[in-house]
Amino acid sequence: MKKLFLPFLAILFFVSESLLVDLWPKNDWYQHYLFAPRFLFIFVIFVTVYVTQAHGMIYGFILGMLYDVVYTEVLGVYMFSFTLMAYVMAKAMKLFHNHLAVTCFLSMVAIVVLELYVYGIQLLIGKTDMPFDQFYPHRLLPTLLINAIFLLLFSYPLKQRLLKIERYEREE
Amino acid sequence: MPQFFLNKRLILLLVSIIFLVALIGFSLKDRKELTWSEQFIKDTTGFVQLLFHKPAQLVAGFFENVQDIKNTYKENKLLKERLEEYVMLEAEVQTLKKENEELRAILDKKESLRDFIPIEATVIGRNPERWQETVIVNKGEQQGVKKDMAVITPSGLIGKVQHASQFTSTVQLLSSVDQKNLISAYVQGKAGSVFGLIEGYDEKRKALLLKRIPFDAKIEKKQLVMTAGLGGVFPKGLPIGEVEEVVPDEYGLTKMAYVKPAANFYDVDEVIIVKRKIDAVQEEEAK
């Protein structure tokens with residue numbers, strides 16, 4: 001049963017994003033500010049940091065692929081970026097002291113990079129015509145706000161869970 | 001230089017970038033159908049999403065109900081006033097319907113572009129990325145859903161089916177930016193109907209753009225805009241919205257109207273996918 005816990009957590013995070021966006025009250029704030037929850041991405045980063053790099057990259061690849069197929073229907077975008085960012089995060093964590101605050105800060109930086117990368121691709125394939133001066137206040141900042149709140153609330157329990165899983169994996 | 005090429009990771013990165021570009025190119029191609037592997041993944045995740053979504057929606061629905069109770073008194077007052085108008089309209093509709101049927105019988109024309117078979121579906125997911133406003137619903141090809149079908153709520157048109165897999169399908173809402181998202185529509189005028197094309201959405205004004213209206217057409221504010229049912233698989237007469245403002249087009253050859261949508265694109269839980277009766281009949285005949 002313990003072996004199934006990490007995949008279960010992954011599914012939970014995968015569904016949670018869509019649930020949040022769907023159940024959010026559809027007021028003016030929702031229509032005006034295009035916040036995007038990046039909980040799945042945060043999950044991949046935390047797995048990379050607290051379980052192993054290999055786990056992080058494999059989960060990044062699979063979850064990224066699911067995200068592409070199910071939600072966006074543009075294949076490859078998230079599959080590529082989740083895997084690459086997991087790799088970069090693992091390398092970056094070697095440079096810093098392993099502390100929860102550092103991980104959270106790096107996750108926020110990673111989210112900014114991810115948003116810019118996805119924005120670039122959307123512009124490139126002509127699915128959006130949003131200029132950058134609109135992208136910054138209407139998308140990037142609300143996205144960061146939502147994810148920062150999420151990190152504040154859930155980063156500590158998530159870390160504890162993942163460390164438990166890591167200990168279990170090492171014992172095997 | 002040889003050392004550069006020996007770096008395995010770099011090569012892997014370059015190869016995956018090429019792979020990425022190829023994949024994006026593949027998915028942007030005008031596809032009629034998703035590949036079977038994509039359909040399989042979508043249906044499987046759709047099932048999981050349904051498991052999580054139903055209870056969550058129930059809980060959220062409860063809180064919404066509490067909110068609604070607060071507004072009940074005001075709404076009740078308004079509705080009572082409307083009810084009298086409604087009775088009169090109802091009687092008129094009945095007579096018109098009967099007359100229409102009789103005339104159709106005389107003409108020996110059974111199916112019209114207006115008739116449709118509704119397929120009711122529940123929203124089980126929404127694109128969290130929010131670059132494209134799409135929702136996932138729990139009915140697919142097995143229930144008769146096909147690509148490009150119209151999707152409505154009781155108040156009006158909200159979008160069309162982007163892709164259908166076996167048990168789920170993706171609905172693209174009218175508010176997403178897509179050059180290919182054309183819908184032929186007409187404005188119900190006093191002198192006759194004026195045809196145009198719904199081409200995109202103005203996010204700032206929260207209005208749809210009805211373009212290519214002939215320059216001499218007379219359109220007024222508050223006139224209703226409906227689907228024309230020309231081309232594609234949309235039935236005729238689904239309400240889209242009402243005219244808000246008419247302005248000359250960018251080249252000055254045609255006019256453009258801002259259309260205030262009748263349905264709320266954002267707040268959708270239950271939708272109806274519309275299958276034209278004429279198509280269903282043709283399908284059966286083909287069998």
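Both backbone and side-chain heavy atoms feed into the values below; hydrogens, waters and symmetry mates do not. Naming: A, B, ... by sequence-line order, numbering from 1 per chain. If you're wondering where the values come from, they're calculated on a predicted model, not measured in any experiment.
Heavy-atom pairs under 4.5 Å with chain B were tallied for A/P37, A/A36, A/S18, A/G76; the largest tally goes to A/S18. Interface remark: of the candidates A/L84, A/L75, A/V21, A/L75 forms the most heavy-atom pairs closer than 4.5 Å to chain B. Contacts with chain A were tallied for B/T170, B/I124, B/V135; B/T170 has the most, counting heavy-atom pairs under 4.5 Å. Options A/L66, A/L23, A/I121 differ in how many heavy-atom pairs under 4.5 Å they form with chain B, and the most are formed by A/L23. Of the listed residues (B/L13, B/L34, B/V59, B/L20), the one with the most heavy-atom contacts under 4.5 Å to chain A is B/L20. The choice from A/Q122, A/H32, A/M130 that makes the most heavy-atom pairs within less than 4.5 Å of chain B is A/Q122. For chain B, the option among A/V118, A/D68, A/T83 with the highest count of heavy-atom pairs below 4.5 Å is A/V118.
Interface remark: B/A60 contributes side-chain atoms only to the contact with chain A (heavy atom separation under 4.5 Å). Contacts between A/F39 and chain B at a heavy-atom distance below 4.5 Å are absent for every atom of the residue. Heavy atoms of B/T45 lying under 4.5 Å from chain A belong exclusively to its side chain. Using a 4.5 Å cut-off between heavy atoms, B/I24 touches chain A through backbone and side chain atoms alike. Looking at B/Q57, the atoms closer than 4.5 Å to chain A (heavy atoms on both sides) sit in the backbone and in the side chain alike. Using a 4.5 Å cut-off between heavy atoms, A/V70 contacts chain B through both its backbone and its side chain. Looking at A/F35, the atoms closer than 4.5 Å to chain B (heavy atoms on both sides) sit in the backbone and in the side chain alike. Contacts of A/Y78 with chain B are made by side-chain atoms alone, with heavy-atom separations under 4.5 Å and no backbone atom involved. Heavy atoms closer than 4.5 Å to chain A are found in both the backbone and the side chain of B/I17. Of the atoms belonging to A/F135, it is side-chain heavy atoms, and not backbone ones, that fall under 4.5 Å from chain B.
Side-chain contact check for A/E166 versus A/Y50: every heavy-atom pair is 4.5 Å or farther apart. When side chains are defined from C-beta on, A/E169 does not count as touching A/T52, because their heavy atoms never get closer than 4.5 Å.
Residue A/F61 places its CZ atom among 12 or fewer non-hydrogen atoms of other residues, nucleotides or ligands, all under 6.0 Å distant.
A cation-pi arrangement is present between A/R139 and B/W131, with the terminal nitrogen or guanidinium carbon under 6.0 Å from the aromatic centre and inside a 45° cone about the axis. Both tests hold for B/R31 against B/F26: distance to the six-membered ring centre under 6.0 Å, angle to the ring axis within 45°. Both tests hold for B/R130 against A/Y30: distance to the six-membered ring centre under 6.0 Å, angle to the ring axis within 45°.
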Report the C-alpha separation of B/T35 and B/E38 in whole Å, then their side-chain angles, then the decisive distance to 0.1 Å, and conclude whether the side chain to side chain donor-acceptor pair (under 3.5 Å) test is met.
CA-CA 5 Å; B/T35 54; B/E38 275 173 278; 2.8 Å; yes

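Outside the 6.0 Å centre-distance limit, the rings of B/F167 and B/F40 are not counted as a close aromatic pair.
For B/R205 and B/E245, the salt-bridge test passes: some basic side-chain N is under 4.0 Å from an acidic carboxylate O.
Shortest non-hydrogen contact noted between A/G56 and A/V44 is O-CG1, 3.7 Å.
With values rounded to the nearest 0.5 angstrom, A/Y33 atom OH is found 10.5 Å from A/D28 atom CG.
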